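What you see is a predicted model; the values in this text were computed from it and never measured. Every chain is numbered from 1 and lettered A, B, ... according to where its sequence line falls, protein lines coming before strand lines.
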2 protein chains.
Amino acid sequence: MLTKSSTELVRQRNSVLVLATLRRHGPLAHTEISDHTRLSSATVSAITADLEKAEIIEKSEQQAASGRGRPRVLFRQRRDCGYLIVVIISSDAVQYSLVDYSGKLIDRFSEERSHDPDGAARFVNGVREGLSRVLARSRISQEKVLLISISSKGLVNSSEPVLVWSPIFGSDQIDFELALKPDWKAKVILDNETLLVAAALGAREENVKGADFRSLAALSLGHSIGLGIIRRTSHGGHEVSAPNFGHMLHMANGGLCRCGTRGCIEAYAGFYAILRTAFEVPLDTIPAKFVPVAELDKIAARARQGHRISGFAFRQAGLALGNGLSRVLSLTERMPIAITGPGTRYYDLLRQGIEEGLGQSHMVRMEGMPELRVVADEQILVFEGHLNRALAVIDEDIVVAGVQGGD
Amino acid sequence: MLTKSSTELVRQRNSVLVLATLRRHGPLAHTEISDHTRLSSATVSAITADLEKAEIIEKSEQQAASGRGRPRVLFRQRRDCGYLIVVIISSDAVQYSLVDYSGKLIDRFSEERSHDPDGAARFVNGVREGLSRVLARSRISQEKVLLISISSKGLVNSSEPVLVWSPIFGSDQIDFELALKPDWKAKVILDNETLLVAAALGAREENVKGADFRSLAALSLGHSIGLGIIRRTSHGGHEVSAPNFGHMLHMANGGLCRCGTRGCIEAYAGFYAILRTAFEVPLDTIPAKFVPVAELDKIAARARQGHRISGFAFRQAGLALGNGLSRVLSLTERMPIAITGPGTRYYDLLRQGIEEGLGQSHMVRMEGMPELRVVADEQILVFEGHLNRALAVIDEDIVVAGVQGGD
DNA sequence: GATTTTTTTCTCGACAGTCGAGAAATTTAC
DNA sequence: GTAAATTTCTCGACTGTCGAGAAAAAAATC
């Protein structure tokens, strides 16, 4: 609102709107675009003609003769309009996916992460090599790569692609913009992994509920704890955020966390923390770098058989999560919480603690327990979130930069 | 972005932009409006002509002959374009202010709150009477009142003017929209008091820092604890929120709060909580309804003389605030914290605890201590926040509803 | 006092965008 | 083969912004 509007801006916005509906509903005919966007038929003609001339969309060749009347011509994104590389950084591997402008996966491979000590700098080189390899395998011109969308666990700068803190590299910041600028002219974006999960779940839920959808939180349980929140803004857009939930203070002077601080939520609810409690190791013990899931499965099995201290470890983790979630809800609003990540396999053991922890707060006592649901397939959701966000960014960039010139 | 744009919308936005710059910089000439808004001179002519015809702005009669050349004609809001009633609800009184469209205070009076038990319903009637009285005193037509802007401590619904929870009425919800609809055609908005403080401080700081301003939190200390946050959005607008900070969980199963829950921040940092700790009353004692400030002053005096338990009461309050703030910052970002309200007189005693409480978190250890500042004149800031928000709302409504018809 | 300079405001034509209505295109039904 | 149905395309009207330059009006200069 601080900045002026112009008629050109109207066209830009409406062009992006057309591309967005094309994304959401697949190939559409002139009439359908008009229906979905509420733009007049004449305007749709003008916009599609421009986008077609700019080689962003194309008319679909074959159309099923659906009824009588002049047959529809479907518009769809030109797949060769540009490409997107999705980089998903996880604790043990980095996955590279090449996606075309229509959202179709073209190539994918993973590279194992070397757990070498001289971390960040070397890791960045690895990513640069990985990206080169994507190009080499697919024989796509580097110019055609419009966006590199990266995700990681940890804390991300909201405006620049800088990984501020991560469970892997700690405070060794990584500025991907800086690292990739010499080689790539593509734009680089970086998002927290659980933010993408929330974005994907939010988009799915909005497709079902429509305007009834208000907000949603995604909680990822694993070696570390992630939280993503998506909320509708007043203008009909979405606002997503990835609070530093895992390292929010749970209890002053509490258990020692991997990050070096005491009392973080993760120091109670991360896998290593559950292990520590179950084995009655003192809470100020420097936590294990990595915990095999099999180890935790054993504790879970014992807990399910009624072993007291094992059950307590999970309950305490649940309490930390519940208290933390209650604080998040106090600061935002009541919203459904989707629980995801490898830790969901212990949800039967965590649940009671989570609910108890939530129930200890004013907010939950007053407005009631938020809906808790378990969602599987975190990896798919992360990728889906990447596509949602990245392709929207590309649509916007391509319209802003490219349409006026035409070809 | 979900909705289409049109050329009419462009005019609306730019008209609002003109009105907003007129608000920020006072009466302006054609040229100055053009400079500030970056709209072309011709567009400014068109827009001001429309606004003038619609009786929203007027040409200022007398202008200082500032230099040579054709003298400037200043545009200013027409003061009789419409009126705003500001209602500030505090624990012991309700203040009514009548303000004209230019932001000038016309009339103001306060009515003492009766502390009667049959609370909410009766209180609403009092407000209705108060509003009638404003009209009667000023002889302004009710039609001309465009907006009633109400503020209170407590939790407010973000989309409707409904007081969800307040220290005064507890969970007795008050729907001001519903209560005032029969009598008033004016729009009704309701905001949390500390949110308005944050909004006012944010506007002030942005006037100084310009684009460097990112975000700010206002913390109000008193019988209850309030928090307001203002942040710049990516589009250049502002997002304000008033988290339920006072009743965010500080410590599970902690001290009993006025709200009936255990462990709220207020149950450690509210005035009654400090009193309770200083007198070593058990933490599950039902807290005093109201604490005379003189009582707290005595404790503070003792604390300053080195009395151990009195000092501890303030330190514990500071810790609760600091821990809570650290959690807020974990969920948002590092930002300056402006401390306001009657509790600032004890800031010397609270400070150490607040800083210690902040320092116990990962976020502060990593990014450093946020700037803490004490701000006096909370009442002035509340009113300023009212004006900022309410007049902006009026500008928008008036342009959307009124300009096309003209007179 | 007339003329020039300077500054501000106003006006005009060009251009961009959206919209409604109706023409053109193209298929199915009879 | 013709009518009906349906979709796409095109045209003129309307609204908006912008740049350039004309008009207005005061101070400076001669």
### Query
Could you give the CG-to-C1' distance, from B/Leu39 to C/dC10, as a whole number of Å?
16 Å
### Euclidean distance, atom CG of residue B/Leu9 to atom C1' of D/dT17 [Å, nearest integer]
15 Å
### Message
Students often get this wrong, so: under 4.0 angstrom with heavy atoms, is A/Thr31 touching a base, only sugar-phosphate, or nothing?
### Response
sugar-phosphate
#### Entry: Spacing of A/Arg11 atom CZ relative to D/dT17 atom P, expressed in whole Å
17 Å
### Task
Quick one: label A/Ala29 by what it contacts on the DNA or RNA (base, sugar-phosphate, nothing), any heavy atom closer than 4.0 Å.
sugar-phosphate
### Query
Checking all strands, does A/Ala46 fall into the base, sugar-phosphate, or nothing category for heavy-atom contacts under 4.0 angstrom?
nothing
### Query
Are side-chain heavy atoms of B/Asp395 and B/Tyr101 found at a separation under 4.5 Å?
yes
#### Entry: Atom-to-atom span, CZ of A/Arg72 to P of D/dA5 - whole angstrom
17 Å
### Message
What is the distance, to the nearest angstrom, from the CD atom on A/Glu8 to the C1' atom on D/dC18?
### Response
9 Å
## Note on the structure
Quick note, B/Ser40 side chain, CB onward, closest among D/dG19, C/dT9, D/dA25 is D/dG19
### Summary
Per nearest nucleotide of DNA chain D, the residue lying toward the 5' end, A/Ser5 or A/Ser41, is A/Ser41
### Query
With nearest nucleotides of DNA chain D determined for A/Arg70 and A/Ala42 from heavy-atom distances, which residue corresponds to the more 5′ nucleotide?
A/Arg70
### Spacing of B/Ile47 atom CD1 relative to D/dG16 atom P, expressed in whole Å
9 Å
### Message
Let's see if you can work this out: which of C/dT11, D/dA25, C/dG17 has an atom nearest to the side-chain heavy atoms of B/Ser45?
### Response
C/dT11
### Task
May I ask you to decide if the ring planes of A/His238 and A/Phe213 are parallel, tilted or perpendicular, using 30° and 60° as cut-offs?
perpendicular
### Message
Distance check needed: D/dG19 C1' versus B/Arg38 CZ, whole Å only.
### Response
16 Å
### Task
When you get a sec, tell me which of D/dG16, C/dT18, D/dT8 is the closest nucleotide to the side chain of B/Val10?
D/dG16
### Message
Is there a side-chain contact between B/Lys59 and the phosphate of C/dC10, meaning an N or O under 4.0 Å from OP1 or OP2?
### Response
yes
### Message
Is it the case that the side chains of B/Thr48 and B/His30 hold a donor-acceptor pair, with the cut-off being a distance below 3.5 Å and no angle test?
### Response
no
### Message
It should be established whether B/Thr43 places a side-chain nitrogen or oxygen under 4.0 Å from OP1 or OP2 of nucleotide D/dC18.
### Response
yes
### Query
Quick one: does B/Val44's side chain get under 4.5 Å of B/Phe75's, heavy atoms only?
no
#### Entry: Distance, rounded to the nearest Å, where B/Asn14 contributes CG and D/dT17 contributes C1'
8 Å
### Task
Could you tell me whether the side chains of B/Glu333 and A/Ser158 share a donor-acceptor contact shorter than 3.5 Å?
no
